[in-house]
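Numbers restart at 1 for each chain; the letters A, B, ... are given by sequence-line order, proteins then strands.
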There are 2 protein chains.
Amino acid sequence: MTGQVRTVDGRVAGRRGQATRQKLLDCLSEMLSSSPYRDVKVIDVARKAGTSPATFYQYFPDVEGAVLEIAEQMAAEGAGLTELLEGRSWAGKSGWQTAQELVDGFLEFWRKNDAILRVVDLGAAEGDKRFYKIRMKILNSVNNSLSDAIAELQSKGRVDKDVNPAAVAGSLVAMLAAVAAHQKGFSSWGVKQAELKPNLALLVHLGVTGKKPSR
Amino acid sequence: MTGQVRTVDGRVAGRRGQATRQKLLDCLSEMLSSSPYRDVKVIDVARKAGTSPATFYQYFPDVEGAVLEIAEQMAAEGAGLTELLEGRSWAGKSGWQTAQELVDGFLEFWRKNDAILRVVDLGAAEGDKRFYKIRMKILNSVNNSLSDAIAELQSKGRVDKDVNPAAVAGSLVAMLAAVAAHQKGFSSWGVKQAELKPNLALLVHLGVTGKKPSR
DNA sequence: CACTTGTCCTGTCATGCCGTCAGCTTACCG
DNA sequence: CGGTAAGCTGACGGCATGACAGGACAAGTG
């Protein structure tokens with residue numbers, strides 16, 4: 001499916017070329033963590049990678065193009081978040097554990113990729129369909145699983161009929177993403193990391209099942 | 001408290017100057033809604049305002065400086081969000097109404113200021129303390145009220161002791177902000193605006209009281 | 001009315017990044 | 001060794017940036 005890696009002018013990239021390309025991506029990734037997105041310049045990325053700006057433009061149309069590439073790579077990993085929910089039960093004590101593990105896995109993923117996720121979030125919010133699609137790819141896996149879980153509970157009569165599974169699941173996923181993005185912010189509200197997680201898990205459990213967890 | 005408006009080089013701005021300054025802010029505000037933050041250039045803002053780039057630099061150190069100004073103005077309005085919660089009850093039917101009105105007011109505020117809020121969110125996530133502070137100013141009003149409400153219910157024994165009011169309130173507020181920022185995104189999950197609100201209100205009510213609302 | 005004062009705006013300029021091209025170097029293959 | 005395609009860069013026109021000095025303008029003063 002994935003065609004060969006190509007340069008902007010159509011040539012096929014070989015071993016060396018791919019290495020350079022990857023090095024540029026890595027350096028860009030680093031720069032995104034250390035300086036505002038708005039201030040990331042092609043020339044800085046190139047310098048950091050020990051090459052020239054012209055080389056950058058051989059592999060990417062612009063900074064945004066390279067960012068999209070990084071985001072795609074991350075989204076591919078992010079699809080693995082589905083595992084946090086697949087085949088899990090929401091009943092009784094195991095339900096509480098499911099909620100906890102979901103929160104844990106989600107926050108960890110966000111922490112590991114926070115720089116690129118910030119940019120993706122912005123792009124999506126600004127209405128860029130490409131970023132939007134990537135954001136969906138990551139969130140969809142979790143969202144669909146959650147939505148299914150709620151719908152199933154609903155069909156068993158354990159959840160009110162006027163609940164919209166997709167809306168609740170989407171809101172919960174948005175909450176997880178937002179809290180993850182502003183993890184540091186909570187400290188100024190006097191909330192520590194360790195305290196945050198169980199309370200988030202509680203909210204997730206409440207949202208999915210409508211009931212307090214039994215621990 | 002608010003000192004006189006000053007130009008970058010220290011002069012005091014008069015009537016005409018303030019008008020120009022405000023016009024630049026308005027034009028910048030518009031540009032933020034229509035093009036990516038990264039691509040907003042001083043020269044475009046100046047052109048749109050019918051003036052020259054040099055004039056812009058007389059009133060603001062750079063684009064970010066002007067954005068901060070807009071954000072401050074918005075934050076001042078945003079402090080009014082407290083009213084959505086002041087003196088409201090979370091018991092019985094009025095509790096359900098409180099939740100609904102909070103969601104309504106919050107989404108409306110976000111919809112009205114989405115462009116600038118996106119930038120504030122990004123700045124805060126990137127660790128810029130000035131943006132961070134502004135974001136706090138807006139969210140704090142809601143967060144504190146929510147947190148107090150939970151703490152009060154907790155003191156009456158209506159909410160479990162191991163709930164951390166600040167953590168839950170913060171998470172709920174983050175959820176509202178995130179959903180508001182990506183309102184359009186929900187349509188691709190097959191969720192319409194009208195359906196979204198009651199489900200959000202449900203989650204808020206569940207989070208605050210730990211119980212389903214009685215309608 | 002001329003003159004002064006202080007505000008307000010712009011023309012211009014040095015600087016630095018952007019994005020492109022021609023052309024050089026390097027690697028591979030027969 | 002010669003040919004070919006990949007890989008890289010110096011250099012360049014173009015544009016945004018940010019600083020300054022000086023011109024335009026309004027208001028007050030004699």
Report summary line: In 5'-to-3' order, the base (B), backbone-only (S) or no-contact (-) status of each nucleotide in nucleotides 20-30 of chain C, using a 4.0 angstrom heavy-atom cut-off, is BB------S--
Is it true that a side-chain atom of [X] and a backbone atom of [Y] form a donor plus acceptor pair closer than 3.5 Å?
{"X": "A:Asn164", "Y": "A:Ala167", "result": "yes"}
{"X": "A:Arg38", "Y": "B:Tyr37", "result": "yes"}
{"X": "B:Thr51", "Y": "B:Thr55", "result": "no"}
{"X": "A:Gln22", "Y": "A:Ala19", "result": "no"}

Rounded to whole Å, please give me the gap between [atom1] in [X] and [atom2] in [N].
{"X": "A:Ile43", "N": "D:dA16", "atom1": "CD1", "atom2": "P", "value": "18 Å"}
{"X": "A:Arg21", "N": "D:dC8", "atom1": "CZ", "atom2": "P", "value": "12 Å"}
{"X": "A:Asp39", "N": "D:dA16", "atom1": "CG", "atom2": "P", "value": "17 Å"}
{"X": "A:Leu24", "N": "D:dC8", "atom1": "CG", "atom2": "C1'", "value": "12 Å"}
{"X": "A:Phe56", "N": "D:dC8", "atom1": "CZ", "atom2": "P", "value": "14 Å"}
{"X": "B:Lys41", "N": "C:dC17", "atom1": "NZ", "atom2": "P", "value": "13 Å"}
{"X": "A:Arg11", "N": "D:dT4", "atom1": "CZ", "atom2": "P", "value": "16 Å"}
{"X": "A:Gln18", "N": "D:dC8", "atom1": "CD", "atom2": "C1'", "value": "17 Å"}

Looking at [N], I'd like to know if its phosphate oxygens (OP1 or OP2) sit under 4.0 Å from a side-chain N or O belonging to [X].
{"X": "B:Thr51", "N": "C:dT10", "answer": "yes"}
{"X": "B:Thr20", "N": "C:dC9", "answer": "yes"}
{"X": "A:Thr7", "N": "D:dG7", "answer": "no"}
{"X": "A:Thr55", "N": "D:dT9", "answer": "yes"}

Report summary line: Rounding to the nearest 10°, end axes of the helix from C:dC1-D:dG30 to C:dG30-D:dC1 built from five pairs each make an angle of 10°
Query - Electrostatic pair A:Asp44:A:Lys48 at N-O distance under 4.0 angstrom - result: no
Query raised in the report: Does a side-chain N-to-carboxylate-O contact under 4.0 Å join A:Arg111 and A:Glu108?
Result: yes
Query raised in the report: Do the ring planes of B:Trp96 and B:His205 sit parallel (below 30°), tilted (30 to 60°) or perpendicular (above 60°)?
Result: perpendicular
Query raised in the report: Between A:Trp110 and A:Phe106, what is the ring plane arrangement, given parallel below 30°, perpendicular above 60°, and tilted in between?
Result: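 Geometry flag for A:Phe106 against A:Trp110: parallel rings.
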**Report entry** Any residue meeting side chain to side chain donor-acceptor pair (under 3.5 Å) with B:Ser89, in chain and number order, not counting sequence neighbours
**Finding:** B:Ser94
